[in-house]
Amino acid sequence: MVRGGTHPRGKTTIDVPIVGGGSRDSQEAFDEMGRIFYEANVGCLTPSSDFRNIRECTAMMAGLDSANVYAAWDAVGVVQDWCTANVGLFDYAKFSALAAPADPGPYTYVNFCDAVYEWNIANPSNQIFVQGTETDQLHELAAFFGHALTNSNEFTATRDFEECNINKDVGVDPSVKWCKPVGTNLATNQEYTDPFCDQGSTSDCTCPTVTADNEGFVPANSLFFGRGAFQLSYNYNYGSFNNAMSGGRDDFCTNPDLVASGTAAWTSAIHFWMTNQIGGSRTCHSSILDDKDFGGTLDIINGGECPAEGNNANKVKARMNQYCKASKVMGLDSILGLEGCAKLAEERFLECLMDGSCPECNDLEYGSCSINPDPHYVIWENNWYDYHGGCDHYAITNSKLQVQIRTRPLKPESDSGFKWSSTTQIAVKIMDTGEVFRIRHNAGIRDSAWGGLHMQIVGNGKFFDGSEGMCGSWNDGGLRKRKLPGQTMGDLIDLSGDYDEKRGKSSAAAESWKIPLTESELWEPSDICDHSPVCGGDNAFPCGSTRRHLKQVQPPPCDRTCDDVSIPVFREQCEFDNDRTGLNWACEPNYLDPVMCPRYSRLFNTGTGSGEWYVNWADEHCANDGLAGNWQTLFGSALECCRQTLPYKSLEWCEAKSRGIVYQGTRKYYVDHQHQSSCAKDCSPGNNDCTAIIEDSWITLYDTISECCRQELGTAIIEDSWITLYDTISECCRQELGWLDADVCASSSNPSGGNTGKFYVDYEGLKCAQDCDSVNGLPCMGPPPAASGFPTALYNTAESCCNEKLQWLDLGQCVADTNGVPSQALGSEQWYVDWNRNFGTCVKDCLGNAPCGGLKQNWETAYISASDCCTTAIPWQPSSVCHL
């Protein structure tokens, strides 16, 4: 802070300003830094303060320099608490909606928040729940909690049920458990072999000798069975966790039961999620962010459940139900892929949707359709059939998307043996933009039985809603089976029978989903469907049309070579095709233009563009950097582009973002249903009473808060019989909103009812505040903020509020700050034992010089005099050190 600049060892790249506005190493900067830390040490730090407390305390004491102090802490890796920084992403309400056991043990919201902080502070380059887009982070939270809910039996199992369900306490510490593993009948002093301890592993956690007591119980602290949110198991996993998080000690090796308590129950799961690898480098974290695949995380966490068949089937279904539940709690409308766990995507998930074993997944759409050479069609609900013949038909068509494919027979009638067709073209059309991606396979080499295009379509969310075609009916009764155009729900094509029967019946589907010439996006459109499985002869498609690139059929003259292909992956494929056929494939359209994605055409664009505006769909704003593809519509201004292409976005917000201007909002009011249905101001959070920037045009804005409240939150006449009515506000709150504090609920339901007079926590001020009119001065600070992120707890006294919410602070100091009382008036003048002085010295409960020893904590015993304290609490101490 006195030198400024970046971290000297490159830990981060944050450029830290110099505090106090002075120059590098100036006296002014040293003085200001000294003042900040002195006032922090005197005003808000205690012996138990951690880096988070020091960060917030020093920033508070810095005043106008608080941003610079925060930057300095960020630069060294001491970042803001994740839960506090991401209250809009994940909060107490979401955590409570996951599961609400009567006794959560270590599985609390606070412990989870602390665990995330501990991990991220120790691993600044590999942090959890902060990478990718906000949607990526929500998907990672959903996947993480899906496994945690399953493995911990909805936050009730801290230890492996089979290994330690039968247990007892030994000694005075109830956390010290002895367990009787299921299926054992151990005699007194009989040695027990821990099945979760691998003697041959290179783990730092060695296998101790374990002997039973006279009741057949063995000490839990000698066993490496499952514990914590992910049920961490085996000594090598404990060893890895110990090396990463114990600070060089052997805490989790010598005392593995620690994983069943405190933040370790969560941190052990986070460590496994971020570090345990399969297939070289894939972790659960990368499976979600890079592969978008939940199935891959299951393969890592409990690979024994993959393939998802046999005895594993029901286990996987139960896990899917928890994952879907967590996804809905996070506000997602889709789940990620499942392909990383064998048999999960193809069979188990669709099966559990139909047999009702994963009801939480009913509203989260997912499906997979694949069309491979022969061609084999595996449709949404995992039914299959083969189609042999030639036809241009829809694989998928709905209001958002069309996937058009062309099939052609490959084998002539004269050939003996296997007969097949091939997928030779695919065109994908995005309906709202008109974009078309095309790819074709021109070879059809006779010697290759599997020549042709392979296509797999994985459907998530609502993108495939309403789709029909050769992949089946996405919405048909939730079963996603096949139906023909014009048929009603349930009129399904009969695809029963053996291979030949299904192949014969499939021609009706191909004919029905034939693409009209006017709608075809395929090269050289055709409206001919010939369902013969062979080419040539009297059939519509001659064999030469599918093998036009055999050696005897030369392509048109062309000087272009594979070296002229700019994109490496396309150039390599061009060279591969040349090696196989001896032909010059560089002249084909697939290599003249980028395959499938027109956006790749930017790689060939060396011009400066028109300077006009086009829509950037990925970031939902407009751009004019000259890289628009030739398929995009151009506009003369950012405003016109926003108006025409992004009508669902706020026009002002879109124009500002497009032009790179910091948008400050309209400062009008809107209803905020996420926070107890109140009205909030459209402006940047942190500025006075501002709540959030409104980006969406469908949200109605009002000039005044009174108009917002009247229009959006006014009293309504209840017309529906299913709505329960109550005689009083308190009864309604108790019955319907029991998770809210009763006073908060009543106050929110009747804003005109006045203040409650109770206390709530003010984290920003590191004190508590009273719900009373702020014009009266401290402790009054008005009602608790509506956007607190989770139900606000109210307390009858400042003492109880400080003790519950700010327990790391000195209780007397917290109460004094709450009431605005000068520190000189603190202290009871009684005596208590300071165990940090000479292993026990009596000191006076006051601030200042000796005999004052600081303010007594509420859990410390008070004595009326020094002699009473000495004789009662520490009679062994000599009088010279007994008291100050």
Report task. Tell me, with the steps shown, if R55 and D74 meet salt bridge (charged side-chain N to carboxylate O under 4.0 Å, His left out). Result -> CA-CA 9 Å; R55 169 193 164 94; D74 289 343; 2.6 Å; yes
Query - Residues I36, V69; criterion side chain to side chain contact (heavy atoms under 4.5 Å, CB included); working and verdict - result: CA-CA 10 Å; I36 291 170; V69 173; 4.2 Å; yes
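In this structure, a donor-acceptor pair under 3.5 Å is present between the side chains of Q131 and H285. Side-chain contact, D682 with T666: a donor N or O sits under 3.5 Å from an acceptor N or O. Side-chain contact annotation: Q807 with N803, donor-acceptor N/O pair under 3.5 Å absent. With no hydrogens or angles considered, a side-chain donor-acceptor pair links T58 and W73 at under 3.5 Å. A donor atom on one side chain and an acceptor atom on the other are not found under 3.5 Å apart for Q231 and S152. Remark: the N221 side chain and the N255 side chain contain an N/O donor-acceptor pair separated by less than 3.5 Å. Using modelled atom types, one finds a donor on one side chain and an acceptor on the other under 3.5 Å when comparing W273 with E140. A donor-acceptor contact closer than 3.5 angstrom is absent between the side chains of N243 and S240.
A side-chain donor-acceptor contact under 3.5 Å links N235 to the backbone of D198. Looking at N819, its side chain does come within 3.5 Å of a backbone N or O of V815 through a donor-acceptor pair. A donor-acceptor pair is defined here as one N or O able to donate and one able to accept, closer than 3.5 Å; no such pair exists between the side chain of N123 and the backbone of N126. Counting only distance, with no hydrogens or angles, the side chain of N111 and the backbone of Y107 share no donor-acceptor pair below 3.5 Å. Side-chain atoms of W119 never come within 3.5 Å of backbone atoms of T267 as a donor-acceptor pair (strictly under, hydrogens ignored). In this structure, the side chain of N302 does not engage the main chain of L298 through any donor-acceptor pair within 3.5 Å. A donor-acceptor contact shorter than 3.5 Å is absent between the side chain of D291 and the backbone of D293. At least one donor-acceptor pair closer than 3.5 Å links the side chain of T150 to the backbone N or O of G146. With hydrogens and angles disregarded, a donor-acceptor distance shorter than 3.5 Å links the side chain of D91 to the backbone of K94.
Ring-plane geometry between F144 and F112 is classed as tilted, the angle between the planes lying from 30 to 60 degrees on a 0 to 90 degree scale. The aromatic rings of Y109 and Y92 lie perpendicular to each other, with more than 60° between the two planes, well past the 30° mark.
Residue R35 comes nearest to E32 through the heavy atom pair NH2-OE2, 2.7 Å, listed as atom of the first residue, atom of the second, then distance. Closest heavy-atom contact between T263 and A115: O-CB, 3.8 Å. When every heavy atom of F252 is checked against every heavy atom of V259, the shortest pair comes out as CD2-CG2, 3.8 Å. S23 and A29 make their closest contact through O-CB, 4.2 Å (heavy atoms, listed as atom of the first residue, atom of the second, distance). Nearest heavy-atom pair across M61 and E39 is CE-O, 3.6 Å. Closest approach of S268 to L232, counting heavy atoms only: CB-CD2, 4.1 Å.
F51 places none of its side-chain heavy atoms less than 4.5 Å from the side chain of I121. Side chains of C801 and T818 form no contact here, defined as non-hydrogen atoms less than 4.5 Å apart.
Checked for salt-bridge contact, K328 and D333 miss the test: no charged N lies under 4.0 Å from a carboxylate O. Between R837 and D834, at least one side-chain N (NZ, or NE/NH1/NH2) sits under 4.0 Å from a carboxylate O, which counts as a salt bridge. Ion pairing between a basic and an acidic side chain is recognised when a charged N comes within 4.0 Å of a carboxylate O; D299 and R282 show such pairing.
Separating the CE atom in M245 from the CG atom in D251 is a distance of 11.5 Å, to the nearest 0.5 Å. Atom OH of Y117 is separated from atom CG of N120 by 10.0 Å, given to the nearest 0.5 angstrom. Rounding to the nearest 0.5 angstrom, the gap separating the CZ atom in F241 from the CG atom in N276 is 13.0 Å.
The SG atoms of C768 and C802 do not sit under 2.5 Å apart. At least 2.5 Å separates the SG atom of C622 from that of C642.
Ring pair F90/F145: centre-to-centre distance below 6.0 Å. Remark: aromatic rings of Y323 and F294 are close, center separation under 6.0 Å.
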